[in-house]
Amino acid sequence: MSTESPSVRVEPREGEKEDAGPVVKDAAIAEGTFHQARVAGQVRRKHFFSPPDAALAEAVNRDADNFEFTEEEEKAVRRKIDLRVLTLVVSRYLVNQFDRTNIGNAHVIKAFNENFGITNNNKWTVALSIFYVGYCILEMPANVLQRYIGANRFFFLSLSWWGIASLSFVYAKGYAGLLVLRVLLGIGEAGYYAGMIYYLSFWYKRSELAMRISLCMTGTLPGAIGGLLAFGLVRAHTSLLNGWQFLFLIEAIPTLLMALFILLFLPSFPFSASFLTPREKAIAQARLNRDHRPQSHGGMNGWAGFKAVVNDVNAWMLMIIYASFNVGVATISYFLPTLINELGFSPLSSQGLTVAPYAVGWFMVFFQAWHSDRTRDRGYHIMLSTAISCIGYIVLAALAGKGTSARMIGGRYVALFLVVGGNYSLFPLVMSWAANVFSPTSKRGVGTAFIVSISNCVSIAFPQIYFDAEEDFRDGHAIAAACLFASFLAAFLLRTRLAYLNRRNAEKLRAAAIQREDAEETEKENKVVGAAVDTTERGEEVWDDDPRYVFMT
């Protein structure tokens, strides 16, 4: 907590109202509302694509630096943030994932494949791969745009584009039409995952991120619900629409409605949150400032942030971790109904049987994230999840083509539980680790987007590993297992590196403290008035190459 006295004189900055008196009232400072009151009514946005008002952001930050609050107040503000921000983010993710996974459920329906000319496995994997083209091109620019115009407006555009593209599947025909729509879906999702992690870093402490990301960013829960919806919707038929068309129609409409809810009710930043009182805004900002001080504006531009990221070894190691485990996610989310269908179940039963692996996987996702936050550890938890998923793929590869006895089918089905739980639990762990590693905020936004963007460039090839349908995808499972093992090794190396950097930085700080004590002692002996001064501007973000920065390992 801040120890500064609230009885200070504060000079007005540009855009602030002049104070009526020369001395700031103690009560106004203690309440955490003084600076916000001075810009009240002056906040304006000229048009849809204009940035949020920087004067209000600065006012909230200045209020956050000059007042005290209790632990009970902080918990109450966090609950309000969870109810508004987290609820909207989770809901947004659910409707998005329904649209993303429904093509996998539709693929086991003969009418869908006939409509889009999917006559073999090669055409199917190309349609899956081309989705990632939009990701590769627009991921990093999307994060820069999000920070500039605000999360609610950016996500409104993203969801609207995505929903319209998904709805277009209902009436599209032919293989070329399928490829075009898959590219448009990828463009709509560009900036989605990295952007959401970046957005949550403005609301939660580093030790609070993983558990909340597990609620917001895991495909297990929507995968389970999507399987249930598909199980029911594909049975619907009318004179105009087949069952697979109902699947896309019913799941696209909520996406478009959610886009409007996001625009109206999701705040871009804590300082612009209308559901918080001025004091609560200051508390929301203060709790973050005392953890990692995110900045909503200013700092490096997008190009400078990009150069800082590509020159950071940690960024490349995180990219390897993400890209390697994403081979499993990029395949299992689309191939799970197909893999179950290959066990001898009917297309409709295959959709229903996807629910159990996703449901059990969700518990693993949530537990791993909760325990990771509780222990403030990322590396060991990531290694555990990659090991579990790797074992699952090894079992699938070992049992492929071994017959259709109950024992073989049971073993392969159980292995899918390990694969789903292990793969999807890595999303919140890896992305929250990335958010903990990069600083300042402008670098964090580009860094998280860089990891997802480069990884998804590699993801273009991932569906192609399942080329051996005639062999029950034995080679595909083996390649996936090797990739998960590579992710395990990269996580081990990164954790070792970050632990070393923390030890080295601690030694530097101890040496600097000894020097400062010696300097102060010398000044006393020479009767020089004064003391060592920290030249760091108060309130400045600590960069990740500063010895004071502590990496979460």
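Just so you know, residue 1 is the first one in the sequence shown, and it goes up from there.
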**Student:** So, do Phe154 and Tyr148 have ring centers that fall under 6.0 Å from each other?
**Tutor:** no
**Student:** Looking at every heavy atom in both Gln36 and Pro278, which two are closest together, and how far apart are they?
**Tutor:** NE2-O, 2.9 Å
**Student:** Return yes if a side-chain donor-acceptor contact under 3.5 Å exists between Ser425 and Ser385, otherwise no.
**Tutor:** yes
**Student:** Taking the inter-plane angle between the rings of Phe202 and Tyr198 on a 0 to 90° scale, is it parallel (under 30°), tilted (30 to 60°) or perpendicular (over 60°)?
**Tutor:** perpendicular
**Student:** One thing to verify: whether Asp545 and Lys443 come together as a salt bridge, which I'm taking to mean a side-chain N less than 4.0 angstrom from a carboxylate O.
**Tutor:** no
**Student:** Tell me whether the NZ or CZ atom of Arg153 lies within the 45° cone about the ring axis of Phe49 and under 6.0 Å from its centre.
**Tutor:** no
**Student:** Pair Ile213, Phe427 - check side-chain contact (heavy atoms from CB on, under 4.5 Å), show working.
**Tutor:** CA-CA 8 Å; Ile213 294 173; Phe427 268 122; 5.7 Å; no
**Student:** Is the Trp362 to Phe366 ring centre distance short of 6.0 Å?
**Tutor:** yes
**Student:** Is it true that Glu71 and Lys75 make a salt bridge, defined as a side-chain N closer than 4.0 Å to a carboxylate O?
**Tutor:** yes
**Student:** Is it the case that the ring center of Trp433 lies less than 6.0 angstrom away from the ring center of Tyr322?
**Tutor:** no
**Student:** At their closest point, which heavy atom of Ile382 faces which heavy atom of Ala491, and how far apart are they?
**Tutor:** CG2-CB, 3.7 Å
**Student:** Is the closest basic N to carboxylate O distance between Lys205 and Glu74 below 4.0 Å?
**Tutor:** yes
**Student:** Between Arg206 and Asp373, is there a side-chain N and carboxylate O pair less than 4.0 Å apart?
**Tutor:** no
**Student:** Applying side-chain contact (heavy atoms from CB on, under 4.5 Å), run through Glu280 and Phe275 and close with a yes or a no.
**Tutor:** CA-CA 9 Å; Glu280 289 171 338; Phe275 70 95; over 6 Å; no
**Student:** Are the aromatic rings of Tyr549 and Phe551 close, with centres under 6.0 Å apart?
**Tutor:** yes
**Student:** Parallel, tilted or perpendicular, judged at 30° and 60°: which one describes the rings of Tyr393 and His477?
**Tutor:** tilted
**Student:** So which atom in Asn289 and which in Ala64 form the shortest heavy-atom distance, rounded to 0.1 Å?
**Tutor:** ND2-CB, 4.0 Å
